[in-house]
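One structure is given here, and the rest of the page talks about it.
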Amino acid sequence: MTISAARVTRAEYCVIACAEAWRDNGEVLASPMGLIPSIGARLARRTFSPDLLLTDGEAMLVGLDGEPEGWLPYRRHLTMVTGGRRHVMMGASQIDRFGNQNISCIGDWSRPARQLLGVRGAPVNTLNNPVSYWVPKHSTRVFVPKVDMVCGVGYDSAAAAGPSATRFHRIPRVVSDLGVFDFATPDHAMRLVSLHPGVTVEEVRGATAFELYGLDEPMCTREPTADELRLIREVIDPDGLREREVRP
């Protein structure tokens with residue numbers, strides 16, 4: 001069976017959806033956090049977003065083969081962040097209807113039931129450059145009515161803080177193992193944009209603890225091209241690690 005005829009897996013649809021987050025971004029630093037977002041960023045660079053800058057996550061800009069292309073000292077990285085020339089795709093332990101994200105704790109901050117990563121750079125990221133999110137297991141534990149602690153700033157929180165917070169704030173998309181979401185609604189509440197093949201609206205509704213826009217007319221996440229499948233399977237992730245993060 002040829003690659004073009006091979007069955008596309010759920011993980012590969014997720015890679016495509018993540019890659020699309022960087023479409024038409026131009027020369028910005030792609031900062032994917034997680035395996036499938038990383039595959040997506042590398043796929044975007046190899047196909048429809050050739051101007052993307054990729055990093056090793058430490059101190060170097062890297063090329064398509066992972067070899068260093070240039071030095072990226074921390075001060076320059078910060079300049080790119082504060083100047084909006086970076087598009088991050090972070091994870092989320094919780095995310096709510098307006099895009100507030102939590103990676104710090106579950107439960108009340110003064111006495112949490114579970115301690116997580118901590119706030120880290122989420123506030124600075126969300127207030128200074130575009131931030132998208134990747135959720136490998138869509139459930140009501142993650143998609144919550146209100147996050148226990150705001151780490152990544154959502155649209156309602158940014159609006160409440162005023163112009164200094166809204167000036168560069170933007171959440172282009174949320175990708176989960178069920179579908180793709182954005183905030184292109186009148187009140188910037190989350191909207192279902194597309195379902196991955198095999199996923200139903202009822203499944204998304206049952207896995208989300210708040211009302212979503214777009215449930216009546218979602219599209220289907222686009223099919224990868226034969227060349228994109230070849231790149232994913234033979235060049236970028238030949239060991240198939242993507243299938244461990246999102247199982248068939």
Side-chain angles (χ1 to χ4, degrees), residues 11 14-15 17-18 21-22 28-41 55-58 74 77-78 80-82 84 86-161 165-166 168-183 188-190 204 207-210 212 241-242 244-246:
C14 291
V15 168
C18 287
W22 284 284
V28 302
L29 182 66
S31 293
M33 300 180 186
L35 175 65
I36 283 182
S38 295
I39 298 172
T55 174
D56 63 0
E58 295 183 6
Y74 196 59
H77 196 164
L78 287 177
M80 297 181 80
V81 172
T82 57
R86 184 172 74 148
H87 183 172
V88 186
M89 183 169 281
M90 299 179 66
S93 300
Q94 292 179 327
I95 189 166
D96 66 25
R97 187 168 180 252
F98 295 102
N100 296 290
Q101 170 248 33
N102 175 25
I103 52 172
S104 183
C105 63
I106 302 299
D108 187 82
W109 181 84
S110 62
R111 195 176 180 85
R114 182 171 298 175
Q115 180 66 51
L116 305 174
L117 286 174
V119 174
R120 313 285 287 190
V124 173
N125 288 343
T126 48
L127 294 183
N128 287 282
N129 52 247
V131 175
S132 295
Y133 293 106
W134 159 243
V135 179
K137 190 170 179 58
H138 192 132
S139 74
T140 54
R141 296 177 63 181
V142 180
F143 287 74
V144 296
K146 185 176 178 61
V147 297
D148 291 338
M149 181 175 178
V150 175
C151 299
V153 178
Y155 281 98
D156 59 340
S157 297
T166 58
F168 300 116
H169 178 267
R170 187 164 69 91
I171 308 173
R173 67 177 52 202
V174 177
V175 179
S176 81
D177 61 329
L178 299 184
V180 180
F181 309 81
D182 68 12
F183 299 89
H188 292 299
M190 193 181 294
V204 171
T208 307
F210 53 83
L212 286 161
L241 298 179
R242 62 194 177 279
R244 299 182 187 178
E245 188 164 20
V246 177

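The two atoms that bring Ala209 and Pro145 nearest to each other are O-CG, 3.2 Å, heavy atoms only. Nearest heavy-atom pair, Arg242 versus Ala11, reported as atom, atom and distance to 0.1 Å: O-CB, 3.5 Å. Listed here is the closest heavy atom pair of Tyr155 and Ile171: OH-N, 3.0 Å. For Leu178 against Ala207, the heavy-atom pair with the smallest separation is CD1-CB, 4.0 Å. Residue Trp22 comes nearest to Met89 through the heavy atom pair CH2-CB, 3.8 Å, listed as atom of the first residue, atom of the second, then distance. For the pair Ile95 and Val174, the tightest heavy-atom approach, listed with the atom from each and the gap, is CD1-CG2, 3.8 Å.
Judged as a ring-ring contact (aromatic ring centres under 6.0 Å, His included), and not counting sequence neighbours, the contacts of His138 are Phe143, Phe181. With sequence neighbours excluded, the residues that form a side chain to side chain donor-acceptor pair (under 3.5 Å) with Trp134 are Glu245.
Remark: the backbone N or O of Ala159 is not paired with any side-chain donor or acceptor of Asp156 at under 3.5 angstrom. Gln101 places no side-chain N or O within 3.5 Å of a backbone atom of Ser93 that could act as its donor or acceptor partner. No donor-acceptor pair closer than 3.5 Å links the side chain of Arg120 to the backbone N or O of Cys151. Panel note: side chain Asn100, backbone Gly154; a donor-acceptor pair is recorded below 3.5 Å. Proximity of a side-chain donor or acceptor of Thr126 to a complementary backbone N or O of Val153 within less than 3.5 Å is detected.
Residue His87 holds its NE2 atom at 8.5 Å from CG of Asn129, rounded to the nearest 0.5 Å. Residue Leu35 holds its CG atom at 11.0 Å from SG of Cys14, rounded to the nearest 0.5 Å. How far CG of Leu127 is from CZ of Arg170: 14.5 Å, rounded to the nearest 0.5 Å.
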Item to complete: Please step through side-chain contact (heavy atoms from CB on, under 4.5 Å) for the pair Met90 and Ile103, ending with a clear verdict.
Response: CA-CA 10 Å; Met90 299 179 66; Ile103 52 172; 4.0 Å; yes
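Partner of Gln94 under the side chain to side chain contact (heavy atoms under 4.5 Å, CB included) criterion, chosen from Val150, Val142, Val144: Val144.
Under the 3.5 Å distance criterion, with hydrogens and angles disregarded, no donor-acceptor pair is assigned to the side chains of Asn128 and Arg86.
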